Amino acid sequence: MPHRYPVREIARQAGVSEATVDRVLHERPGVREGTVLQVRQAIADLDRQRTQLRLSGRRFMVDLVMDTPKRFSALVRAAWEQELPNLRPAVFRVRHHLRETWPVDELVDQLDDIGRRGSSGVILKAPDTREVADAIARLTARRIPVVTLVTDVPMSTRIAYVGMDNRAAGATAAHLVCQWLRHVDGQVLVITSSERFRGEEEREMGFRSTMRALDPRRGIVDIPESDGFDATCRTLVGRALADHPDLVAVYSIGGGNNGIVDAFTSANRCCEVFIGHDLGDANRSLLLSGHMTAVIHHDLRADVRHAAQSIMGFHGAIPAPHRPGTSEIAVVTPYNLPVDDLTRSPRVI
């Protein structure tokens with residue numbers, strides 16, 4: 001397997017022994033396929049982060065742990081890789097632990113494994129459960145700081161939350177829906193991926209409370225626990241459209257937006273207002289095609305920068321503990337779509 005890094009660096013990035021890396025590199029038997037993939041991913045991560053390896057300064061090895069669809073973990077990974085050079089003279093390296101569906105007990109096992117192996121810090125997107133909070137406490141006891149990302153675990157020992165005010169984001173979505181449906185009758189569909197995530201729960205609460213204040217007679221149809229994947233959302237929204245002939249708008253909190261559009265198209269129904277979250281490729285395409293009305297977005301690069309600064313503050317690498325504020329909430333339409341960092345122009349997929 002071609003590589004340009006010392007075995008020790010690859011082992012540290014992959015979180016396995018140097019002997020295991022050596023066996024994988026020389027294609028010797030006795031290594032599980034999952035571990036082989038882990039080593040290959042570590043080499044790929046080192047390639048993407050190679051500009052950091054040339055920098056001098058204090059070094060931090062952090063672990064990014066996310067229970068989230070690939071479409072969002074890809075955005076966060078890209079934000080980290082874009083922001084890493086700006087953190088100099090500190091040198092950050094990131095180990096990725098990303099799964100689309102992660103049973104809580106297995107996620108907790110991963111956090112405990114990081115605790116045993118050691119880390120400069122953990123950036124975590126995980127459900128708000130007692131088991132997760134207890135795992136964070138165990139990391140804290142080992143002097144490993146935890147920063148929650150996008151969705152919080154507030155009753156834990158995490159040192160900071162980075163992300164937007166999710167309740168305010170839901171209220172913003174409600175304001176937009178009320179404005180754009182002023183002359184349209186009908187109900188609004190609210191769809192979440194999981195009630196275990198505090199961020200989604202807060203967005204829904206902000207949306208509902210603001211809808212009650214601004215348009216109390218407007219009906220709301222709820223689809224909880226969709227899982228956020230296109231196929232599931234297509235099926236669930238199709239059923240909701242059959243049961244509710246007056247659905248005219250969607251607030252998608254948890255994703256699966258291509259599936260939602262397919263359901264409306266298959267039912268030959270018009271979605272007057274469709275609001276979602278995050279500017280992944282799918283949502284960019286839906287905005288540009290006119291299927292989505294607006295996307296609630298925030299600067300993920302600022303989030304990861306604040307996470308890194310929080311970890312640096314914990315370890316005394318900056319003069320005082322870093323207390324990040326919430327991220328600015330942006331309303332993105334096809335006419336103010338941020339340019340792609342690579343092409344410097346709106347991406348059309």
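Since the model is a prediction, treat every value here as computed from it, not as a measurement.
Side chain of Q38 to backbone of A14: a donor-acceptor contact under 3.5 angstrom is found. Counting only distance, with no hydrogens or angles, the side chain of Q13 and the backbone of V94 share a donor-acceptor pair below 3.5 Å. Within the 3.5 Å criterion, the main-chain N or O of A242 finds no donor-acceptor partner in the side chain of R269. R203 places no side-chain N or O within 3.5 Å of a backbone atom of H277 that could act as its donor or acceptor partner. Here the side chain of D215 pairs no donor or acceptor atom with the backbone of R182 at under 3.5 angstrom. Formation of a donor-acceptor pair under 3.5 Å by the D230 side chain with backbone atoms of G259 is found in this model. No donor-acceptor pair closer than 3.5 Å links the side chain of H244 to the backbone N or O of A240. Under a 3.5 Å cut-off, the side chain of E100 and the backbone N or O of K70 do form a donor-acceptor pair. With R142 contributing its side chain and G115 its backbone, the two residues share a donor-acceptor pair below 3.5 Å. Side-chain atoms of R301 come within 3.5 Å of backbone atoms of Q82 as a donor-acceptor pair (strictly under, hydrogens ignored).
When side chains are defined from C-beta on, V188 counts as touching L181, because their heavy atoms get closer than 4.5 Å. Side-chain contact between K125 and F197: present, with at least one pair of heavy atoms (C-beta onward) separated by less than 4.5 Å. Annotation: side chain of P324 is in contact with side chain of S310 (closest heavy-atom distance under 4.5 Å). Put simply, the side chain of V184 does not reach to within 4.5 Å of the side chain of V273, judged on heavy atoms. With a 4.5 Å cut-off on side-chain heavy atoms, M164 and I296 count as touching. For the pair R305/N86, no side-chain contact is recorded, criterion being any heavy-atom separation below 4.5 Å from C-beta on. Counting only heavy atoms from C-beta outward, the side chains of R95 and S119 approach each other to under 4.5 Å. Side chains of C233 and I260 form a contact here, defined as non-hydrogen atoms less than 4.5 Å apart.
When the shell of 6.0 Å around CD of E225 is examined, it contains more than 12 heavy atoms from other residues, nucleotides or ligands. No more than 12 heavy atoms of other residues, nucleotides or ligands lie within 6.0 Å of CZ in R143, so this atom counts as exposed by the packing criterion. Few gaps surround CG on D105; more than 12 heavy atoms of other groups in view lie less than 6.0 Å from it. The environment of M205 atom CE is dense: over 12 non-hydrogen atoms of other residues, nucleotides or ligands sit within 6.0 angstrom. The neighbour count for R28 CZ, taken as heavy atoms of other residues, nucleotides or ligands under 6.0 Å away, is above 12.
A salt bridge does not link D243 with R239: none of the charged nitrogens is closer than 4.0 Å to a carboxylate oxygen. The residues D134 and R130 are annotated as salt-bridged, a charged nitrogen and a carboxylate oxygen being separated by less than 4.0 angstrom. Ion pairing between a basic and an acidic side chain is recognised when a charged N comes within 4.0 Å of a carboxylate O; R12 and E9 show no such pairing.
The cluster map of Ile, Leu, Val, Met, Phe, Trp and Tyr, joined by side-chain heavy atoms under 4.5 Å apart, puts L287 and I253 in different clusters. Both I136 and W102 are members of a single hydrophobic cluster when ILVMFWY side chains are connected at heavy-atom separations under 4.5 Å. Tracing side-chain contacts under 4.5 Å through hydrophobic residues (I, L, V, M, F, W, Y), one reaches V150 starting from I159; they form part of the same cluster. If you chain together hydrophobic residues whose side chains sit under 4.5 Å apart, I223 and V250 fall into the same group.
A donor and an acceptor atom, one from each side chain of N283 and D278, are nowhere located under 3.5 Å apart. Side chains of S193 and E200: a donor on one and an acceptor on the other come within 3.5 Å.
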Output, in order, the C-alpha distance, side-chain angles, deciding distance and verdict of side-chain contact (heavy atoms from CB on, under 4.5 Å) for L279 and L337.
CA-CA 9 Å; L279 279 177; L337 190 65; 3.8 Å; yes

Given side-chain contact (heavy atoms from CB on, under 4.5 Å), test Q110 with R99 step by step and report yes or no.
CA-CA 11 Å; Q110 179 66 72; R99 287 175 61 173; over 6 Å; no

Step by step, would you call R208 with Y251 a side-chain contact (heavy atoms from CB on, under 4.5 Å)?
CA-CA 11 Å; R208 287 181 178 275; Y251 176 37; over 6 Å; no

Applying side-chain contact (heavy atoms from CB on, under 4.5 Å), run through T20 and R23 and close with a yes or a no.
CA-CA 5 Å; T20 297; R23 284 196 294 271; 3.4 Å; yes

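A distance of 11.0 Å separates CG of L300 from CD of E83, quoted to the nearest 0.5 Å. Rounded to the nearest 0.5 Å, atoms CG (L75) and OG1 (T68) are 9.0 Å apart. Atom CG of L139 and atom CZ of R158 lie 14.5 Å apart (nearest 0.5 Å). Expressed to the nearest 0.5 Å, how far OG1 of T172 lies from CD1 of I329 amounts to 4.5 Å. Interatomic distance, R234 CZ to D262 CG, rounded to the nearest 0.5 Å: 4.5 Å. To the nearest 0.5 Å, the span separating CZ on R196 from CG on D67 amounts to 5.5 Å.
Here the closest non-hydrogen pair linking T148 and T151 is CB-O, 3.6 Å. Closest approach of P338 and V332 over heavy atoms only: CD-CG1, 3.7 Å. Nearest heavy-atom pair, V331 versus A294, reported as atom, atom and distance to 0.1 Å: CG1-CB, 4.1 Å. In terms of heavy-atom proximity, F207 sits nearest to V177 at CE1-CG2, 4.1 Å. Residues V237 and I191 come closest through the heavy atom pair CG2-CD1, 4.0 Å. Nearest approach of S120 to V62, heavy atoms of both residues: CB-CG1, 4.3 Å.
The aromatic rings of F92 and F60 sit parallel to each other, their planes meeting at less than 30°, with 60° as the upper class boundary.
H306 has its ring centre no less than 6.0 Å from the ring centre of Y161.
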